[in-house]
Amino acid sequence: MKLGCCYYPEHWPEERWAEDAQRMAAMGLSLVRIGEFAWSRIEPEPGRYDWGWLDRAIETLAGAGLKVILGTPTATPPKWLVDRMPDMVAIDEAGRPRGFGSRRHYCFSHEGYRTEAARITAALAQRYGAHPAIAMWQTDNEYGCHDTVLSFSPAAASAFRGWLAARYGNVDALNTAWGNVFWSMEYRSFAEVGPPHLTVTEANPAHWLDYRRFASDQVASFNREQVAIIRAHAPGVPITHNFMGFFTEFDHHDVGRDIDVATWDSYPLGFLEQFWFSADEKAAFLRQGHPDIAAFHHDLYRGCAGGRWGVMEQQPGPVNWARFNPAPLPGMVALWTLEAAAHGAELTSYFRWRQAPFAQEQMHAGLLRPDSTEAEAADEVRTAAAVLADIGPQAAVKAEAALVFTYEAAWVIGIQPQGQSFRYLELVFECYSALRQRGLDVDIVAPSADLSGYRMVVVPSLPIVPDGFAERLAALECPVLIGPRSGSKTASFRIPEGLAPGALREVIPLTVTRVESLRDGVAEPADGFTVTRWREDVASDLAPELADAAERAVVSYKDGVRYCAIWPDRALLALLVERMAAEAGVALLDLPPGIRVRRTQTHVFTFNYAAEGVFIPHLGSLLPPASWHLDPR
Ligand code: GAL
């Protein structure tokens, strides 16, 4: 795994670039990502390009032996462009245009902006496509960041109508699919259909689902246009996009198909603070991040672009954007770096080289302070670089467990949660965590992935079952766990004929006759676990494997397949992992809290995410906080 950093030569006097480059190389870095926000410097006036500074920046970095990852600057269209085409900005759900003065203010559907984005991409790719120092290209930056996938602009509305016409052919088919007879929502032509916002009460969930699919397709096609241009000028040079954490607004598997390397931006402390974690977890992992946050995304993104992946932005110290921004424990930056290697990353790049003394991110740490002295993380980068040099290249193994994940499931459940604490991403994360706590390696895969060869398969929830999926599950010989709400909707957001779990009845013969959601704080004890958040009534000839206090089926079992009819709490997940592992003959570890293990083809990594030293039974030794242990396999 190579190490790198994110660098903004345009922020610093040119006299400093050479020294920066030398210091990067001396620290053990070999990659530098640049350019992704530099449009106003690359093209200060419409049609007038200023390549000189970028040529020299690339030469300077290359002169120090560094390779460059070059980003297209389309996340930051300059003021002159917005002034020329004021309607290129996205419109938010409340109908307000998104203003100039930060970033990502464009609408993915605006044809004029697309032409401009293609033009600047082509200009950059023409200039640097054959440059020997460019090791990788990055398209745009963090599609969707700051809530920018959905736009409700006239351009988006018009593109949506075209998308619907292509999907349904005629408007009667749309009316039928969506059930528009309900509340007299029928349309006489596609021209009458708009985006599903500003309605009096909730819009039709089928309308929302198609709007989300459409918006996701717009992101994918925007990306595809850039990829095609870059490929034409830089054949053979890998292309990446830097995805985000805990982000489901577009289908990353779709975008992943068009790129060569899926990278993501890892900010474990910010994510712990901003997401659903309990106050106890936020306290326990304040300066380390929850032990599964980084690993979850590593295992997810490894499955997005055919196996090649990396970390494009690694948190090096306190960030600026969470509600609270603690500093990592000494050692964590090195630990996070090695955790990426343990999951098979090909690069980890720190965000950013030097903390900016100006503008929005001046409170965000870098590897250097604004005065160019080394920040705390710098030494840890050297440590990580030394360990990586010592152990040599690490390659991911095929994991024991597959966890089936879809973006569409997140949309379906988000559109119609039915209980506000039913969060799809949290459910998937809890399943992941239950597997990882017992020392299992996990591949997070799309439903279309080849599931053969896994020792167990977990489907946390799959409301819309893709064609052929049930048959592929039926053909598996390993234990399978299917979670609540699976098979509960058709592709057009209707309850399936014959009720849930729809097509999955082929693998588990039962019918969900009623569902209920439970408010936060309600916890109904059962034998060894608790019913919280969600419960389904199940009709079946199968005798329940596990039941609640009122003898209603909680887990149904047939021929290696389990259906779980409640939101599974941690105790239930732990029990199910144990049963599946026993059936599959897979050995489990008893890991103390905060300890995680991950295998590559050559090594076993053990990481301590706890804030204190922990005795590790399987090693027979004490692991200090924020440290790791490495064994050859
Ligand atoms: C990312 C983004 C970077 C920077 C960073 C700060 O979301 O890609 O440009 O803003 O966050 O943590």
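Since this is a predicted model, take the numbers as computed values, not measurements. Both counts, for ligands and for their atoms, begin at 1 and track the order of listing.
Within 4.0 Å of ligand 1, contacts by protein heavy atoms are made from Phe37, Arg103, Asn141, Glu142, Asp265, Tyr267, Glu313, Trp321, Phe351, Glu361, His364.
Comment: Glu14 engages Arg56 in a salt bridge, judged by a side-chain N to carboxylate O separation of less than 4.0 angstrom. Using a 4.0 Å cut-off between charged side-chain N and carboxylate O, Arg423 and Glu430 make no salt bridge. Using a 4.0 Å cut-off between a side-chain N of Lys or Arg and a carboxylate O of Asp or Glu, Asp55 and Arg127 qualify as a salt bridge.
The aromatic rings of Phe152 and His197 sit parallel to each other, their planes meeting at less than 30°, with 60° as the upper class boundary.
Trp309 places no side-chain N or O within donor-acceptor distance of the main-chain N or O of Leu300, the cut-off being under 3.5 Å.
Met24 CE to Ser30 OG: the interatomic distance, rounded to the nearest 0.5 Å, is 12.0 Å.
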